[in-house]
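See below for the structure under consideration.
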Amino acid sequence: MATDTPIDEHAVKEHDTLKYSLLGPSLTKSGQDNVDQQKVSEIIYNASKGSKYFNNEESRDKNLTQKIDRILTKKKQLEKLDLASDRRKADDYIAELELTRDLSQWIVHIDCDAFYAAVEELDRPELKDVPFSVGKGVLTTCNYHARKFGCRSGMAGFVAKKLCPQLIQIPLDFDKYTAKAQEVREIIVDYDPRFESASIDEAYLNITEYCQRNEIGPEEAIEQLRREVHEKTKITISAGIAANAKLAKICSNKNKPNGQFRLANDRSEIMAFMRDLPTRKVNGIGRVFERELDAIGVKTCGDIYGYRQFLSKLFGEKAFAFLMSCYLGLGRTTVQPAEEYERKSVGTESTFGDMSDPVELRDKLRATAEELEKDMVRTQFKGRTLCLKVKLHTYEVFTRQVIPPKAVYVADDLYKYSVPMLSKLEQEFPGLRLRLMGLRCTHLVSMKKPDTMAFFGFKKRPNESGEPDSPSSTAKRRADTLEDDDGWEAIPEELLFEDAERQEREDELNELESLSQEIDKRRHHGKEIVPNPKKQENQEEEEWWDCPICSRPQAANEKEFNEHIDLCLSRQTIRDAVQETSDLRSREPTPAPKKVKTSNDRSKGVPGDPKQRRLFFG
DNA sequence: GCGGATCAC
DNA sequence: TATGGTGATCCGC
C-alpha cells in the first residue's frame with residue numbers, strides 16, 4: 001500500500017471492502033492458504049475496473065457501507081440505554097437452548113473434493129498436472145493447481161486467465177457428474193440408508209447406528225467409508241464428524257482435501273472450538289453478515305456472547321436465535337432423505353447479450369415460459385403465483401409477481417400472465433434493456449395424485465388382493481407411483497358445490513380466462529392500448545375505455561387503465577372462486593401435506609429431487 | 001403479500 | 001471479447 005500519498009481514509013476503506021467483495025464468495029474455501037490474497041485482489045480489481053459489473057458491485061458496496069453505518073449508529077444509541085433486560089432475555093434463551101443440546105448422535109458431513117474437476121481428471125489424466133477449470137464463461141470449479149494461482153469458483157473466465165494465463169477451461173458435462181455422484185451414493189447408503197443429499201457432491205449421514213451395529217468407532221468408520229469410496233470410484237472425499245450437522249459441516253472443511261476431522265461430542269470441547277471460529281466459517285454467514293458482525297466487534301463465534309444484549313435489536317429475532325446457536329455450537333441432529341423436504345418453487349432463468357427490443361424481449365419471455373413448462377411437468381407442479389425476474393444491463397435485479405386466476409404450468413399461460421409484468425417494467429424503465437430473464441412458480445400445487453388424494457381422505461378402491469390399504473403400503477407406493485391411474489372413488493358429494501353453483505363458477509372461470517386473453521391482446525397487440533407510449537397520441541379520440549372485467553368506464557389513460565385492470569384481475573373474491581372451481585374440477589386440491597419445517601437453521605440448502613438438483617460451484 | 005437482499009452450492 | 005442458475009429465507013413495508 002502506498003503510504004506516501006494522502007488518501008481520504010473513508011475512500012480507502014470503501015476501496016478495501018469492495019476489493020474484498022470482488023474476491024468472491026468462496027474465499028474461505030480450501031486451497032487458498034498459500035495464495036497471496038493481496039496480489040490476487042489487485043489483479044481482479046484491475047481486470048474488473050470500469051465494467052458494468054464492477055460499477056454495480058461498487059454501488060452495492062456503498063449501500064452496504066451505509067447500512068453498516070446505520071447499524072453502528074443504532075448500537076451507539078442502544079449503549080446509552082439500560083439493556084439489562086435484553087441481556088437477561090438472552091441468558092434465558094441460552095439456558096433454554098442448552099437444554100436442547102443432544103450429544104448422543106454422530107453426524108457426518110462428507111464433501112467430494114473439487115468434484116467436477118476430479119471427475120474430469122478421471123477421463124483425461126493429462127489434466128492432473130496442469131491448472132484447469134470446469135465451466136467457461138464463469139468457473140464452476142477448478143482443480144487445486146488452478147487454486148494456487150487464486151482461481152476459484154464463481155470467477156469470470158477472463159479474470160481467471162489473468163491470474164493464470166495457462167489455465168485450461170473445459171466445458172461442463174453435467175450428466176457425467178450425476179452418474180459419478182450416484183456411484184458415491186451407492187456406497188454411503190450402506191453407512192446410513194437415510195443419508196441426506198445436500199447437493200450433488202455433499203451429503204449428511206447419521207452413523208450412530210452403523211457404529212453400534214458394527215462395534216466400530218466413528219473415525220474408524222469414516223476412514224473406512226472414505227477408503228471404500230476412493231477404491232470404488234477413484235474420488236477423494238473430505239469428512240467432518242461431530243454431534244450435529246452444523247458442526248460436521250464446519251469440520252469437513254478442516255482437513256480438505258482428502259482428509260477428515262472429528263470434533264468430540266463434548267460440551268466444553270465444542271464451546272472451545274466455537275470460541276475461536278471466524279463467523280464466516282458458519283454455514284449461513286456470508287460476506288455481508290460477516291462485515292456487519294465485524295463492524296460491531298464480533299469476529300469469532302465466541303465474540304457473539306459479549307454482544308448478546310444488542311443482537312436481536314440490531315439484526316432481528318431470527319438472526320439473534322441463529323447467532324446464539326452458533327455461540328453454543330448447536331445444530332440439527334436429524335438427517336433425512338432430501339426427497340422428504342417440501343419443494344417451494346420451480347423456476348428457470350438465463351443470461352443473454354443485452355436486449356431491449358420489445359419484440360425480442362417477448363420472444364425471450366415466450367422461450368423462458370416454455371423452459372419453465374418443461375420443469376413444471378418434470379416436477380409435477382402447478383404454481384398459484386408467477387414471478388418474473390429481470391436483470392438490467394446494469395446488473396440491477398428486479399422481480400414482479402402476479403397471482404393468475406388459476407394455478408398455471410402450461411407455457412401459454414405462463415407467458416400470458418407474465419407479459420403484462422414485462423410491459424409494466426417497460427413503462428417503469430423506458431428503454432428497458434435486459435441481460436437476464438427468469439420465471440418462477442411459487443405456492444405450488446402438486447399434480448402427483450396418489451399422495452395428495454390420500455391426504456384429503458379419498459380412499460383408493462380395494463386393491464386386487466382385496467386387503468385394505470395400510471398406511472405403510474400407501475407410503476411405500478408413494479415413492480414410485482407417478483402414473484396417472486384413475487382408480488379413485490368419486491369425490492364425496494358434500495365436498496362439491498351444488499351443481500348450479502358449480503356451473504356458475506365454471507362459467508365465471510371460462511369467462512375470466514377469455515377476458516384475460518382479450519386484455520392481453522388489447523394491451524399488447526391491439527390498437528386501442530399499446531405498450532409503446534409514443535403511439536398513444538394517434539388514438540386519443542376516445543375519452544373512456546370500458547373495463548372488460550367490471551364494465552365500468554375508465555379514463556383513457558393507458559397507465560391508469562392497466563392499473564385498474566390489474567386491480568380487477570387480482571380481486572381476492574374472483575381469485576378464490578376460480579381457484580376452488582379449477583381445483584375441484586381437476587380433482588387436485590393439494591397443498592401436499594406439510595412434511596418438514598426447516599428449523600432456525602440458516603443454511604439454505606436446496607432439498608428436492610437429487611436427480612434434478614443443479615450444482616455449479618464445487 | 002410483495003419486492004429486495006442475502007446465502008448456499 | 002467481458003461476471004451463472006436454482007432454490008430458500010428473512011426483512012421492511
Side-chain angles (χ1 to χ4, degrees), chain A residues 22 24-26 28-29 44 47-57 60 63-64 67 111-112 115-116 135-141 153-162 172 174 197-202 249 280 282-292 315-322 338 341-354 371-372 375 379 384-385 387-391 395-403 421 435-444 570 572 597-609 612-618:
Chain A
L22 285 170
S26 57
T28 58
K29 292 289 157 81
I44 297 176
S48 304
K49 200 154 64 182
S51 68
K52 289 179 187 172
Y53 175 80
F54 179 92
N55 292 339
N56 184 250
E57 288 300 302
R60 285 165 56 94
N63 286 340
L64 178 56
K67 185 182 171 195
D111 194 338
C112 302
F115 184 55
Y116 293 2
K136 288 195 156 170
V138 169
L139 277 53
T140 58
T141 191
S153 54
M155 185 175 278
F158 76 94
V159 175
K161 274 278 192 185
K162 283 230 158 64
L172 282 158
F174 194 76
S197 293
S199 72
I200 191 170
D201 73 333
E202 281 181 41
K249 167 82 183 161
R280 186 71 162 77
V282 180
N283 221 331
I285 299 182
R287 282 175 292 178
V288 170
F289 202 18
E290 176 191 34
R291 259 191 75 186
E292 292 173 358
F315 301 115
E317 215 56 48
K318 296 275 182 183
F320 164 77
F322 173 72
Y341 284 95
E342 180 192 9
R343 182 191 270 273
K344 301 203 171 60
S345 74
V346 179
T348 182
E349 67 188 63
S350 64
T351 297
F352 39 81
D354 287 4
E371 278 304 304
L372 182 54
D375 292 338
T379 56
R384 289 194 153 100
T385 303
C387 180
L388 173 70
K389 172 179 172 180
V390 298
K391 195 189 278 180
Y395 289 84
E396 293 166 284
V397 174
F398 296 94
T399 61
R400 295 290 181 269
Q401 57 183 24
V402 287
I403 302 172
M421 293 190 278
R435 76 182 326 274
L436 172 146
M437 190 183 282
L439 281 176
R440 177 168 298 275
C441 283
T442 62
H443 298 111
L444 298 179
S570 64
Q572 192 70 41
K597 271 191 140 184
T598 23
S599 63
N600 68 346
D601 191 352
R602 208 180 152 98
S603 82
K604 308 295 198 303
V606 185
D609 184 355
Q612 302 309 335
R613 197 104 35 75
R614 292 282 191 280
L615 173 81
F616 285 88
F617 298 136

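The residue among Lys162(A) and Val346(A) whose nearest nucleotide of DNA chain C is located toward the 5' end is Lys162(A). Place Leu22(A) and Lys389(A) on DNA chain C by their nearest nucleotides, and Leu22(A) ends up nearer the 5' end.
Glu57(A) meets the side-chain contact (heavy atoms from CB on, under 4.5 Å) test with Leu18(A), Ser21(A), Leu22(A), Tyr53(A), Arg60(A); sequence neighbours excluded. Applying the side-chain contact (heavy atoms from CB on, under 4.5 Å) rule to Lys49(A) yields the partners Tyr45(A), Asn46(A), Phe54(A); only residues at least two apart in sequence or on another chain are considered. For the side-chain contact (heavy atoms from CB on, under 4.5 Å) test, residues two or more places apart in sequence or in another chain that qualify with Glu396(A) are Asn56(A), Leu392(A), Thr394(A), Phe398(A). In this structure, the side-chain contact (heavy atoms from CB on, under 4.5 Å) partners of Glu349(A), at least two apart in sequence or on a different chain, are Lys389(A), Leu436(A). In this structure Thr385(A) satisfies the side-chain hydrogen bond (donor to acceptor under 3.5 Å, both in side chains) test together with His443(A), sequence neighbours excluded.
When the side-chain nitrogen and oxygen atoms of Ser345(A) are compared with OP1 and OP2 of dT6(C), none of them lie within a distance under 4.0 Å. A sub-4.0 Å separation between OP1 or OP2 of dT6(B) and a side-chain N or O of Arg287(A) is absent. A sub-4.0 Å separation between OP1 or OP2 of dA5(B) and a side-chain N or O of Arg60(A) is absent. Close to dT3(C), at under 4.0 Å from its OP1 or OP2, lies a side-chain N or O of Arg435(A). At the phosphate of dT3(C), neither OP1 nor OP2 sits under 4.0 Å from any side-chain N or O atom of Thr351(A). In terms of phosphate contacts, Tyr53(A) brings no side-chain nitrogen or oxygen within less than 4.0 Å of OP1 or OP2 of dA2(C). Listed pair Arg440(A) / dG5(C) fails the phosphate criterion, with no side-chain N or O lying under 4.0 Å from OP1 or OP2. Contact annotation: Asn283(A) side-chain N/O to dC9(B) OP1/OP2 distance is under 4.0 Å.
Following rounding to the nearest Å, Leu439(A) (CG) and dG7(C) (C1') show an atom-to-atom distance of 15 Å. In this structure, CZ of Arg343(A) is placed 13 Å from P of dT9(C), rounded to the nearest angstrom. Rounded to an integer number of Å, the gap from OH of Tyr341(A) to P of dA8(B) is 17 Å. Asn63(A) places its CG atom 8 Å from the P atom of dT6(B), with the value rounded to the nearest Å. Rounded to a whole Å, the CD1 atom of Ile285(A) is 11 Å from the C1' atom of dC7(B). In this structure, the CD atom of Glu371(A) is 12 Å from the P atom of dG5(C), given to the nearest Å.
Contact annotation for Glu57(A): no contact, since no heavy-atom pair falls under 4.0 Å across all strands. At a threshold of 4.0 angstrom between heavy atoms, the contacts of Tyr395(A) are confined to the sugar-phosphate backbone, with no base atom among them.
The side chain of Lys344(A) approaches dA8(C) more closely than any other nucleotide in the set dA8(C), dG1(B), dT3(C). Comparing dT6(C), dC9(B), dT3(C) by their nearest atom to the side chain of Ser199(A) picks out dC9(B).
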If you restrict it to nitrogen or oxygen atoms, what contacts under 3.5 Å exist between nucleotides 11-13 of chain C and the protein, and what is each distance?
none

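Atoms CZ and OH, on Arg435(A) and Tyr395(A) in that order, are 3.5 Å from each other to the nearest 0.5 Å.
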Yes or no on side-chain contact (heavy atoms from CB on, under 4.5 Å) for Val390(A) and Val397(A), after CA distance, side-chain angles and deciding distance? CA-CA 6 Å; Val390(A) 298; Val397(A) 174; over 6 Å; no
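Judged by distance alone with a 3.5 Å cut-off, a donor-acceptor contact links the side chain of Ser48(A) to the base of dT3(C).
Looking at Glu292(A) and Leu64(A), their side chains come closer than 4.5 Å, going by heavy atoms from C-beta outward.
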